[in-house]
Amino acid sequence: MTNAIEIHNLRYRAGKAFEIRDLELHVPHGAIYGFLGPNGSGKTTTMRLMLGLLRPLAGRITVLGDEIPRDVAHILGRVGFVPEQPHLDPILTVRETLAFHAAFYSTWDWSWAERLLRQFDLQDRQPFGRLSKGQKGKLMMLLALAQRPELLVLDEPTDGLDPVVRREVLSALLDYVSQRQATVFISSHLVHELERFCDWVGVMDDGRLITEVPMERFKNGIKRLRVSGAPRTPADGPFVVLAREPTNGSGETWLVRDWEPRMASYFDGPGVSLHEVIDLDLEDGFVELLRTFRGPRA
Amino acid sequence: MCRKRWVLLPLGLACARGLIGQELPRLQARADSLAREWRHAAAVADAIDSLERARVFVGHDTIRVGALTIVTNASPLPLREAAVRAWPLIDSVYGDDARQLEERPYAIVPVDPDTTVERPPRHNGTEIPWDQDVASLTLLLLSTVPVAPADTALQRWLGGEVRPLIHADVERAGVYVRLVTAPFEASRRCLIGDISACRDALDLFGRGDPVARWYRSARERRSVVLNTFTGYFDRGTHLATLQACANGSDSACTQLLRSLPPGGLPRPLTHDARTTLVDVALHLGGRDAYHRLAASVGLPIADRLAAAGGIAIDSLLSRWRAEILASRPTPVSLPPWGLWIALGWTILFAVFGLRSSRWRVN
Amino acid sequence: MFRVMLYSQWKWSRLIVLLGSVAGFALPIISVQGAARADSSPLQAAELLRTVQSWGVLYPVLAATLGLLVAIASWTPDHRGRHVYALVLPVPRWRYVLLRFGAGALLLAAPITAVLVGALLASWSAAIPAGLQGYPVALAVRFALAVLVAFAVFFAVSAGTARTAGIVLALIGGVMLVQVIANVARVDLDLVGKLQLVVLNWPGPLAIFTGRWMLIDV
């Protein structure tokens, strides 16, 4: 399986406070890749680097098989982008905005754009600057989808939208993806939202990618274990211990990654016992992952 | 000074004999001639005295280019180069009369441009700082040609001596502008081809009332009073008349203009227009044109110019008008290459814009 | 592509273009009002020239103002969106800038045409005294070039980043500083004067703005 986006050894610095170091990122073709991270972790910067809006200090970025920034114009013709802020011309009406956008994309699909326009209930003659936040979000998604891109790069596209609008926007997105088998690279800090439809997840914090795994593995792989009689320094196991905390008596709670049920046999030794394996949802896993990344390792 | 006395004595005697029984114009012409000779003699004597005195202290130099002669002291002044430039112009105007310059040298005394340096003893020469360049020296030579001065009638009409035109094109272009913009009917009719109006505008037939000849309409008369002489008439006995003129009384305006002293009434065309006319006549008339002009003392100016040019006065005026019209100045607008330069700058700045970086999001 | 760019810029600069066109049309007509009056005398050529010349000062002012405002308006939508949207459009940057430049320049055709039409009307309707001539086309051509130069200069400045603007300002400030130091040290150095000569005289970039702007002249 080839990758729609490949980033190798990417380095970027914005002032003295923020830096992306040796970023490695791979988004498989056809995947819906959820890009998680707290505010200020570098998600938007990574996306901008990926679209050639920022100049990296080092590293290599390949999008849809072409290199950024060398082939940026060609790549952008195949990419639909929804930025974090709606950066459209505020005095153009909705219809004029569509016409402006359509002129730049050879793949623009007017019939689908009209359908989305009706579906999103957007008024033709309303200037972009006077649209509500939800309407702006819908229009941005409409623009990204109607150009029929191979790759959608969505930077918190539902941020600040009410649940109804969010549902409409995501529904249109999924509808398109199911038709076109397009790749989606979507960032959000609404973890629950991504959990529903992403098949890959990458977690970023402080300019570094903490993990990049299939969603199923991420959701099922992070567990909280209640154990007793464990050695002070556990031998190399088949899973990664992210954190361990003492509980009452001789018991401990371990936070582990890459857990699989067959690994229970690890605790089969004398005096050691696994009492309980607790499932964590994506958000808990995400929070625990960040906590362990930021704190001292086990 | 002893030489001057020897020259003046026979001149005085000749003058006394000639006065008896002659009519006024001839007397005036004779007086002009005598005055001219006197000035000539005085200038030569002064120059010789001065230079002889100066020679005692420093070496001298005589520069000759054609008939143009410059007596001067050794100095860094580029007088020879200036003379080389000036002589063709002088020769073209004065023709054979330019030979006078062999006997009427320029006397030039180079002085230190530093005014704090003590000057040599007083002498009769033109003091020129020795840091002058060729162009300014040429200008000096052309504006002070020491040929015999013209008679008073010619000088009065012309407003000065006959001199070579230094920048003929520029002066003719100036006359064109004056013809176009002068607020007088005469000059405007001259512009559009009325030769008799040119005669009036150039004041060639000085008979009759100049106010009526030059300012034909009440509007012109009123305009010239109010625009030129308000300050002059704004007092004393003329005040009421000026008021009446301002209120539209043409007779009051005419009365005011007629009350001006002789020569006070501005002519429709200025000195440079008459100078260019003389220039045309001299160039048409050949090498002895100036001689004919200078010799025809006592005749009306128009006849003198016609004699100098060797053609009828109306033909001369037509030629003059044609030359003036041909010298119409180019309106100050875009030079021919200005278009390309402006477009070049536009393209250059556009290219600067095109180089605008795409790395501008931060 | 160019059509939508033109439309977008038209929406931003229509007020400027309309007002500039009205001013450009009116200016030549007003400047010869003295000549066009029925009671004026054909003898007032000098006065007419003075009037035309004094109104002529406004042509370069109008050209510079139009160039500046249309250049700013050309970049306003991008500046407002911090260039994000513009930079994700699938065209090379130079082509995008060229589209913006072309659209701005084309919009300026309206006031330029207005000046031409106004100048032609003014020349035709005015009682021009003999010896004087109207130069409506020459005036309009000069106005067009001045507008384009001003537009190109301000467009390039607007297209630059804050860093570029900083470099330009630093250069200007450096020249001023050297001049001030030279003045204080009583060194015979007229850097500003020389710079002014270079910029304002042919073939300097702003020479097109200098000189007389005469609709009617000899």
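Convention: sequence-line order gives letters A, B, ...; per-chain numbering from 1. Keep in mind that what you see is a predicted model, and the values were worked out from it rather than measured.
Other residues, nucleotides and ligands contribute only 12 or fewer heavy atoms inside 6.0 Å of the CZ atom of B:Arg319. By the 6.0 Å contact criterion, CZ on B:Arg199 is enclosed, its count of non-hydrogen atoms from other residues, nucleotides or ligands being greater than 12.
Residue pairs that meet the disulfide (SG to SG under 2.5 Å) test with at least one member in residues 171-204 of chain B, sequence neighbours left out, are B:Cys190-B:Cys198.
Residue C:Leu148 touches chain B through both its backbone and its side chain, counting heavy-atom pairs closer than 4.5 Å. Residue contact with chain B, scored on non-hydrogen atoms closer than 4.5 Å, involves the side chain of C:Tyr135 exclusively. Looking at C:Leu98, both its backbone and its side chain come within 4.5 Å of chain B, counting heavy atoms on both sides.
Applying a 4.5 Å heavy-atom cutoff, the residues of residues 338-346 of chain B that approach chain C are B:Gly338, B:Leu339, B:Ile341, B:Ala342, B:Leu343, B:Trp345, B:Thr346. Near-neighbour residues of residues 64-73 of chain C relative to chain B, defined by a heavy atom under 4.5 Å from a heavy atom of that chain, are none.
With rounding to the nearest 0.5 angstrom, the CG atom of B:Leu354 is 12.5 Å from the CZ atom of C:Arg95.
Across B:Tyr176 and C:Gly131, no two heavy atoms sit closer than the pair OH-O, 3.0 Å. Between B:Pro329 and C:Val218, the shortest heavy-atom contact is CG-CG2, 3.5 Å.
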Exercise for the section: Could you please spell out the steps behind the side-chain contact (heavy atoms from CB on, under 4.5 Å) verdict for B:Trp337 and C:Trp202? Expected result: CA-CA 10 Å; B:Trp337 34 264; C:Trp202 291 106; 3.5 Å; yes
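Here C:Trp94 is the residue among C:Trp94, C:Tyr96, C:Phe154 with the most heavy-atom pairs under 4.5 Å with chain B. In terms of heavy-atom pairs under 4.5 Å with chain B, the best-connected choice from C:Val141, C:Val153, C:Leu132, C:Thr164 is C:Val153.
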Which atom pairs, donor and acceptor, lie under 3.5 Å between side-chain atoms of residues 263-270 of chain B and protein residues at least two apart or in another chain?
residue	atom	partner	partner atom	Å
B:Arg267	NH1	B:Trp157	O	3.1
B:Arg267	NH1	B:Asp203	OD2	3.1
B:Arg267	NH2	B:Trp157	O	3.2
B:Thr270	OG1	B:Asp272	OD1	2.6

